[in-house]
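Below is one structure, written out as structure tokens, with a few remarks after it.
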Amino acid sequence: MSSIVLFGPPGAGKGTQAERIMTSTGLPQVSTGDMLRAAVKDQTPTGIEAKEYMEAGKLVPDSIIIELIKQRIKLPDAVNGVMFDGFPRTVPQAEALSEITDVSHVIAIEVPDERIVDRICGRYSCASCGLVFHETFNPVPKSGCSCGNFVEKRRADDNKDTVLSRLSAYHEQTSPLAEWYENLGIFHRINGDREIDLISHDILLALEN
Ligand code: AMP
């Protein structure tokens, strides 16, 4: 079993690309952000603990995240590997992951900091199917979402103040992981500041190698 990691700052387009990679590879998307948002909504003990970190744009403690992943990876759909989106985000998370499953590719979607705020503050998703859109760069078609039941949803942490904290957490705690994965020879840098289709094309090419 071999998995893929989607790596990059908040707002790099990991969720959008995950949808496409999922269609091409068949690997299920495992987004720790989505799992935490579901836990917050359901008011589980994990959700109650995670909420304040998420609202402040800080990383949720490693012990919580690693436990979530250990449970998720046991589900039957993970048997041939998964596509991690937003995990790992710290060195201890990467160390834990290396004991849980093999990672064949780390796809780093790179977007300059100055583009991140606009990208995050304009984004929304379809509450019915989860597809992600953007006011300027990728608006929902006039005919509505392809699922046929568009309901606009915005994330509570997609605001200017929280974005800046999330970016600092990325630079301080997550970006050191690039070197860790580069040393393993599985790190692929992709320019994420382009059209969505061009990015997907390059990601799929990287996954073939
Ligand atoms: P995301 O949807 O990936 O942008 O994550 C939203 C928020 O969930 C982050 O700002 C963190 O507070 C938390 N989070 C998601 N994944 C992780 C992770 N792997 N480690 C720590 N915190 C996380």
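The shown structure was predicted, so the numbers you read here are calculated from the model rather than taken from an experiment. Counting starts at 1 for both ligands and their atoms, following the listed order.
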Item to check | Separation between CD of Glu49 and CD1 of Ile64, rounded to the nearest 0.5 Å | outcome: 3.5 Å
Checklist entry - What residue and heavy atom of the protein are closest to atom 20 (N) of ligand 1, and at what distance? => result Gln93 NE2, 2.9 Å
Checklist entry - What part of Ile65 sits under 4.0 Å from ligand 1 if we count only heavy atoms: the side chain, the backbone, both or neither? => result side chain
Checklist outcome for this item: Residue, atom and distance of the protein heavy atom nearest atom 16 (N) of ligand 1 read Thr32 OG1, 2.8 Å
Checklist entry - Can you tell me which residue and heavy atom of the protein come closest to atom 6 (C) of ligand 1, and the distance to 0.1 Å? => result Arg155 NH2, 3.4 Å
Checklist entry - Taking N or O atoms only and a 3.5 Å limit, does Tyr53 qualify as a polar contact for ligand 1? => result no
Item to check | Val91 reachable from Val5 in the ILVMFWY side-chain graph, under 4.5 Å edges | outcome: yes
Item to check | No-hydrogen, no-angle side-chain donor-acceptor test under 3.5 Å, Asp113 and His171 | outcome: yes
Checklist entry - Which protein heavy atom lies closest to atom 13 (C) of ligand 1, and at what distance to 0.1 Å? => result Leu36 CD1, 3.5 Å
Checklist entry - When rounded to the nearest 0.5 angstrom, what is the spacing between CD1 in Ile69 and CE in Met35? => result 5.5 Å
Checklist entry - What protein heavy atom is closest to atom 10 (O) of ligand 1, reported as residue, atom name and distance in Å? => result Arg166 CG, 3.8 Å
Item to check | Protein contact of atom 11 (C) of ligand 1 - nearest heavy atom, named by residue and atom, plus distance | outcome: Lys58 O, 3.5 Å
Checklist entry - Which of parallel (below 30°), tilted (30 to 60°) and perpendicular (above 60°) describes Phe84 and Phe87? => result tilted
Checklist outcome for this item: Of Leu68, Val40, Val60, the residue with the heavy atom nearest atom 21 (C) of ligand 1 is Val60
Next on the checklist: For the 3.5 Å polar cut-off, considering only N or O atoms, please tell me whether Gly86 and ligand 1 meet it.
Outcome noted: yes
Checklist entry - In this structure, are over 12 heavy atoms from other groups packed under 6.0 Å from Gln43 atom CD? => result no
Item to check | Nearest-0.5 Å distance that lies between atom OG1 in Thr174 and atom CG in Leu167 | outcome: 10.5 Å
Item to check | Closest protein heavy atom to atom 3 (O) of ligand 1, given as residue, atom name and distance to 0.1 Å | outcome: Arg89 NH1, 3.0 Å
Checklist entry - With backbone taken as N, CA, C and O and side chain as the heavy atoms from C-beta onward, which portion of Asp157 lies under 4.0 Å from ligand 1: side chain, backbone, both, or neither? => result side chain
Item to check | Distance-only polar pair, side chains of Thr162 and Glu55, donor-acceptor under 3.5 Å | outcome: no
Checklist outcome for this item: Rounded to the nearest 0.5 angstrom, the CE-NZ distance for Met54 and Lys51 is 10.0 Å
Checklist entry - Hey, does Arg37 come in under 3.5 Å of ligand 1, counting only N/O atoms on both sides? => result yes
